[in-house]
Engineer: 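Encoded as structure tokens, here's the structure I'll be asking about.
Ligands are counted one by one from 1 in listed order, and the atoms in each one are counted from 1 as well. Counting from 1, the numbers follow the sequence of the chain as shown.
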Amino acid sequence: MSTSTTTHTQSVLGEELGPLADNERLKRESNFLRGTIEQDLQDPITGGFTSDNFQLIRFHGMYQQDDRDIRNERVKQKLEPLHNVMLRARMPGGIISPEQWLAIDKFATDHSLYGSIRLTTRQTFQFHGVLKPNIKLMHQTLNSIGIDSIATAGDVNRNVLCTTNPVESELHQQAYQWAKKISEHLLPKTKAYAEIWLDGEKVETTQDDEPILGSHFLPRKFKTTVVIPPQNDVDVHANDLNFVAIAEQGKLVGFNVLVGGGLAMTHGDTSTYPRRADDFGYIPLDKTLDVAAAVVTTQRDWGNRSNRKNAKTKYTLDRVGSDVFKAEVEKRAGVVFEKSRPYEFTERGDRIGWVEGIDGKHHLTLFIENGRLLDYPDKPLKSGVAKIARIHQGDFRMTANQNLIVAGVPSEEKTQIERIAIEHGLMDETVSEQRKNSMACVAFPTCPLAMAEAERFLPEFVTDVEKILRKHDLPEQDNIILRVTGCPNGCGRAMLAEIGLVGKAPGRYNLHLGGNRGGTRVPKMYKENISDKQILQEIDHLVERWSKERLEGECFGDFTIRSGIIDEVVVSKRDFYA
Ligand code: SRM
Ligand code: SF4
């Protein structure tokens with residue numbers, strides 16, 4: 001037997017990985033993710049969740065948080081932090097109907113501390129600041145409109161992404177159906193969610209069957225996409241498992257499978273690193289679910305359960321060998337990967353504004369800076385989307401770039417929707433291409449892991465970068481994919497940007513350069529721990545060189561590599577830290 005996991009240690013393919021991490025005990029003892037969450041819910045003494053439940057609620061799509069802006073003030077007043085939860089919904093492919101939108105809008109307004117809807121880099125939305133007495137109501141509200149938050153966090157397969165491309169609507173529809181099927185196939189089967197949040201029937205014993213995830217669930221989070229080239233909006237190299245759509249005459253015929261991408265690292269720990277996904281080969285459509293399950297179960301059995309920092313699929317591939325992992329997937333899925341079919345990723349950005357689909361319907365992509373929908377004094381964005389939802393007959397699509405598409409608009413409704421969008425600041429012709437290609441993670445004040453600002457820092461920083469581009473006479477279409485992430489976990493996918501800022505401390509970042517437009521190259525550290533002022537000086541100098549020395553049509557990331565400003569990173573830890 002290649003794997004053995006006792007209650008204390010793990011050995012894989014004859015290699016001892018050591019004592020199991022405490023999260024393994026927690027999952028094992030959780031009674032299939034129930035823990036004592038229900039008891040905690042009844043406890044009025046604290047606004048938070050205690051011991052294991054703090055982690056277990058993640059498997060139900062929630063994180064316990066508090067507002068870091070007011071944390072010290074509450075300590076001074078001898079108050080416990082203002083505990084609340086952030087909820088992340090499960091929305092394979094990011095599609096949501098106007099009725100659902102109106103219900104989530106109302107919940108955010110009436111029952112959350114911040115009142116915002118936050119679109120994420122993984123095509124869904126988050127509520128921030130829901131207090132304990134409102135948590136059950138939140139799940140029941142979502143359930144009443146056909147939405148859940150199962151497995152959007154925790155050691156499971158997360159929300160499955162799908163390229164948002166309403167133009168090629170038939171192919172998109174087919175790809176989207178697969179994203180939904182994969183999501184459902186890999187979901188936990190335990191009834192814990194329904195029991196706790198929806199007052200479902202209680203199950204006395206631990207008889208829940210988890211044929212794919214197993215009773216210990218996965219060693220770490222797991223991320224899956226379905227992507228339609230040449231768009232790589234979902235950023236495949238940030239994901240454990242990717243199905244690259246291969247179409248013939250506009251019809252989906254199969255997928256190339258890419259395994260083992262991931263972006264997170266820890267400052268100062270070279271055993272952690274961003275990694276591109278490996279190409280496993282092509283499979284016909286009817287093998288999709290078998291391959292998905294085989295990759296997940298191989299990672300379930302071989303992933304490192306002793307060190308959570310090295311537990312993701314990317315590290316498993318590097319530890320056991322990509323070929324060995326692939327052979328095991330072939331064995332478990334009963335498939336032999338064919339040579340991958342040709343494809344190319346050339347772009348990642350959303351096409352902001354109107355496009356017409358092949359079905360004659362119109363689609364309006366709204367640029368939502370950092371995905372934050374809120375009513376600002378001069379821009380009532382959230383009310384604007386709600387107003388559109390009241391008349392819109394198609395659907396909305398959340399993109400992996402934190403934007404929102406009003407999809408499937410008949411010609412006769414275009415004018416009215418556009419008018420509302422302009423009146424509410426959702427359509428603004430003055431927004432530069434540079435801003436549209438910039439993105440930040442949430443960071444302060446809600447993220448407990450933030451080391452530097454990101455979402456609150458980016459807007460002004462982009463204004464400064466715009467000035468630099470103008471100073472060096474760069475035309476509007478010559479912009480730079482710029483991303484900021486408040487810590488090295490990389491939620492804003494800075495490690496696939498042409499310029500990536502990774503938070504180090506308040507006001508200080510590592511500056512990474514060298515990603516490309518298609519998202520197939522990991523940028524490399526250029527300067528460590530510098531201030532925003534120093535970063536702007538560096539960008540000024542680099543952009544000046546780019547404007548003067550670039551080849552025809554050469555993008556900024558390619559230029560930094562050709563000109564030797566940084567070395568190219570290929571795939572592995574060795575390349576990354578060289
Ligand atoms: Fe993330 C943890 C926000 C996409 C890598 N991420 C967090 C937490 C939950 C902090 C925590 O653990 O307490 C952040 C909550 C902040 C807040 O207040 O909302 C958080 N991550 C986000 C979001 C909302 C960023 C955004 O601005 O949109 C994204 C939600 C995605 C979703 O809807 O599911 C988000 N996170 C990502 C991505 C990008 C992606 O998946 O495309 C990554 C990098 C890709 C990857 O996984 O390698 C990412 N988040 C992490 C990690 C590092 C995981 C690791 O491999 O070590 C953590 C920390 C952890 O898991 O221990 C983390
Ligand atoms: Fe928080 Fe870090 Fe993720 Fe930003 S990258 S949301 S700071 S965990």
Side-chain angles (χ1 to χ4, degrees), residues 23 54-55 57-58 61-68 84-92 94 114 116 118-129 149 151-161 219-225 233-240 242 260-267 269 272-277 307-315 348 368 370-372 398-402 439-458 483-496 500-504 519 522:
N23 284 58
F54 176 86
Q55 294 278 348
I57 58 168
R58 298 185 175 188
M62 290 173 295
Y63 290 83
Q64 181 170 316
Q65 301 188 321
D66 70 289
D67 188 324
R68 294 178 67 181
N84 60 74
V85 301
M86 172 268 276
L87 172 126
R88 186 183 285 162
R90 187 173 68 93
M91 296 256 109
Y114 302 92
S116 72
R118 175 56 156 76
L119 308 181
T120 78
T121 51
R122 294 192 69 77
Q123 274 186 322
T124 184
F125 67 87
Q126 290 183 174
F127 293 136
H128 285 100
S149 63
T152 53
D155 298 343
V156 281
N157 180 59
R158 305 278 184 99
N159 194 40
V160 178
L161 306 193
R220 199 69 167 86
K221 55 171 68 166
F222 190 94
K223 297 180 172 178
T224 304
T225 77
D233 53 346
V234 300
D235 263 330
V236 294
H237 294 293
N239 289 274
D240 299 67
N242 303 279
L263 303 183
M265 55 188 164
T266 303
H267 289 312
D269 178 352
T272 65
Y273 47 92
R275 184 189 192 280
R276 285 171 20 124
N307 178 359
R308 287 181 66 77
K309 287 217 174 293
N310 295 147
K312 285 202 77 188
T313 316
K314 61 180 177 178
Y315 301 115
R348 279 183 289 170
I368 311 294
N370 299 320
R372 183 72 67 179
M398 291 173 265
T399 80
N401 291 308
Q402 305 168 327
M439 184 161 88
C441 72
V442 178
F444 287 97
T446 54
C447 179
L449 308 179
M451 296 174 175
E453 294 281 354
E455 182 181 322
R456 298 194 295 197
F457 161 82
L458 188 72
R483 295 176 176 178
V484 184
T485 213
C487 83
N489 285 324
C491 306
R493 294 198 293 265
M495 294 313 294
L496 287 170
L501 305 188
V502 178
K504 192 84 204 252
V522 172

Engineer: Would you confirm whether Arg275, through its side chain, and Gly260, through its main-chain N or O, come within 3.5 Å as a donor-acceptor pair?
Structural biologist: yes

Engineer: With atom 1 (Fe) of ligand 1 as the centre, enumerate protein N/O/S atoms below 2.8 Å in chain and residue order.
Structural biologist: Cys491 SG

Engineer: Note the single closest protein heavy atom to atom 3 (C) of ligand 1, along with its residue, its atom name and the distance in Å.
Structural biologist: Arg88 NH2, 3.7 Å

Engineer: Do the non-hydrogen side-chain atoms of His128 and Arg372 ever get within less than 4.5 Å of each other?
Structural biologist: yes

Engineer: What atoms of ligand 1 come closer than 4.0 angstrom to any heavy atom of Pro448?
Structural biologist: 13 (O)

Engineer: Looking at side-chain heavy atoms only, is the closest gap between Val502 and His267 below 4.5 Å?
Structural biologist: yes

Engineer: Before giving the answer on side chain to side chain contact (heavy atoms under 4.5 Å, CB included), spell out for Thr152 and Arg122 the whole-Å C-alpha distance, their side-chain angles and the decisive distance to 0.1 Å.
Structural biologist: CA-CA 10 Å; Thr152 53; Arg122 294 192 69 77; over 6 Å; no

Engineer: May I ask whether atom 8 (C) of ligand 1 is less than 4.0 Å from at least one protein heavy atom?
Structural biologist: no

Engineer: With heavy-atom distances below 4.5 Å as the criterion, would you say the side chains of Arg118 and Gln402 are in contact?
Structural biologist: yes

Engineer: Applying a heavy-atom cut-off of 4.0 Å, say which part of Lys309 lies close to ligand 1: side chain, backbone, both or neither.
Structural biologist: neither

Engineer: Please state which option from Cys447, Pro274, Ala311 has its nearest heavy atom closest to atom 14 (C) of ligand 1.
Structural biologist: Cys447

Engineer: Out of Lys312, Arg118, Arg308, whose heavy atom is nearest to atom 56 (O) of ligand 1?
Structural biologist: Lys312

Engineer: Given His128, Arg220, Arg275, identify the one with the heavy atom nearest to atom 17 (C) of ligand 1.
Structural biologist: His128

Engineer: For ligand 1, which atoms have a heavy atom of Thr124 less than 4.0 angstrom away?
Structural biologist: 33 (O)

Engineer: Is any side-chain heavy atom of Gln55 less than 4.5 Å from a side-chain heavy atom of Asp155?
Structural biologist: no

Engineer: What is the nearest protein non-hydrogen atom to atom 54 (C) of ligand 1, stated with its residue, atom name and distance?
Structural biologist: Lys221 NZ, 3.5 Å

Engineer: For a 4.5 angstrom cut-off between non-hydrogen side-chain atoms, does Pro92 reach Asn159?
Structural biologist: yes

Engineer: Under a 3.5 Å distance rule, please check whether Thr224 uses its side chain to pair with a backbone N or O of Val160 as donor and acceptor.
Structural biologist: no

Engineer: As a test of understanding, state which of Lys312, Lys223, Arg158 forms a salt bridge (charged side-chain N to carboxylate O under 4.0 Å, His left out) with Asp240.
Structural biologist: Lys312

Engineer: In this structure, are over 12 heavy atoms from other groups packed under 6.0 Å from Lys309 atom NZ?
Structural biologist: no

Engineer: For ligand 1, note which part of Gln123 has a heavy atom under 4.0 Å away: side chain, backbone, both or neither.
Structural biologist: neither

Engineer: Under 4.0 Å from any heavy atom of Ala264, which atoms of ligand 1 are there?
Structural biologist: 48 (O), 53 (C), 54 (C), 55 (C), 56 (O), 57 (O)

Engineer: Would the distance check show the side chain of Arg493 and the main-chain N or O of Thr121 forming a donor-acceptor pair, the cut-off being under 3.5 Å?
Structural biologist: yes

Engineer: Considering both backbone and side-chain atoms of Asn239, is one of its nitrogen or oxygen atoms within less than 3.5 Å of a nitrogen or oxygen in ligand 1?
Structural biologist: no

Engineer: Can a non-hydrogen atom of Gly492 be found less than 4.0 Å from any atom of ligand 1?
Structural biologist: no

Engineer: Report the nearest protein non-hydrogen atom to atom 48 (O) of ligand 1: residue, atom name, distance rounded to 0.1 Å.
Structural biologist: Leu263 N, 2.7 Å

Engineer: Between Leu449 and ligand 1, which part of the residue brings a heavy atom under 4.0 Å of the ligand: side chain, backbone, both or neither?
Structural biologist: side chain

Engineer: Would you check if Met91 and Gln123 make a side-chain contact, meaning some heavy-atom pair closer than 4.5 Å?
Structural biologist: no

Engineer: Please examine the side chains of Met451 and Pro488, heavy atoms only from C-beta on, and report whether any two atoms are closer than 4.5 Å.
Structural biologist: yes

Engineer: To check your reading of the model: name the closest protein heavy atom to atom 33 (O) of ligand 1, its residue, and the distance in Å.
Structural biologist: Thr120 OG1, 2.7 Å

Engineer: Using a 3.5 Å cut-off on N or O atoms only, is Met86 in polar contact with ligand 1?
Structural biologist: no

Engineer: For atom 41 (O) of ligand 1, tell me which residue out of Lys223, Met398, Lys314 has the closest non-hydrogen atom.
Structural biologist: Lys223

Engineer: Does any N or O of ligand 1 fall below 3.5 Å from an N or O anywhere on Thr446, backbone included?
Structural biologist: yes

Engineer: Closer than 4.0 Å to some heavy atom of Ala440 - which atoms of ligand 1 meet that?
Structural biologist: 27 (O)

Engineer: Give the atoms of ligand 1, by number and element, whose distance to some non-hydrogen atom of Gly262 is under 4.0 Å.
Structural biologist: 48 (O)

Engineer: What protein atoms of element N, O or S are positioned under 2.8 Å from atom 2 (Fe) of ligand 2?
Structural biologist: Cys487 SG

Engineer: Given side chains that start at C-beta, do those of Pro274 and His237 come closer than 4.5 Å, heavy atoms only?
Structural biologist: no

Engineer: Which atoms from ligand 1 have a heavy atom of Gln402 less than 4.0 Å away?
Structural biologist: 26 (C), 27 (O), 28 (O)

Engineer: Between Tyr315 and Tyr273, does the side chain to side chain contact (heavy atoms under 4.5 Å, CB included) criterion hold? Intermediate values first, please.
Structural biologist: CA-CA 9 Å; Tyr315 301 115; Tyr273 47 92; 3.7 Å; yes

Engineer: List the closest protein heavy-atom neighbour of atom 24 (C) of ligand 1: residue, atom name, distance to the nearest 0.1 Å.
Structural biologist: Gln126 OE1, 3.1 Å

Engineer: Main chain of Arg308, side chain of Arg220: is a donor-acceptor contact present, judged purely on distance under 3.5 Å?
Structural biologist: yes

Engineer: List the closest protein heavy-atom neighbour of atom 42 (O) of ligand 1: residue, atom name, distance to the nearest 0.1 Å.
Structural biologist: Arg493 NH1, 2.6 Å

Engineer: Give the residue and atom name of whichever protein heavy atom lies nearest to atom 32 (C) of ligand 1, and the separation in Å to one decimal.
Structural biologist: Arg122 CB, 3.2 Å

Engineer: Does Arg158 have a non-hydrogen atom less than 4.0 Å from ligand 1?
Structural biologist: no

Engineer: Within the side chain of Arg68, is there an N or O that forms a donor-acceptor pair under 3.5 Å with the backbone of Phe444?
Structural biologist: no

Engineer: Check whether any side-chain N or O of Asn239 sits under 3.5 Å from a backbone N or O of Thr225 as a donor-acceptor pair, and report yes or no.
Structural biologist: no

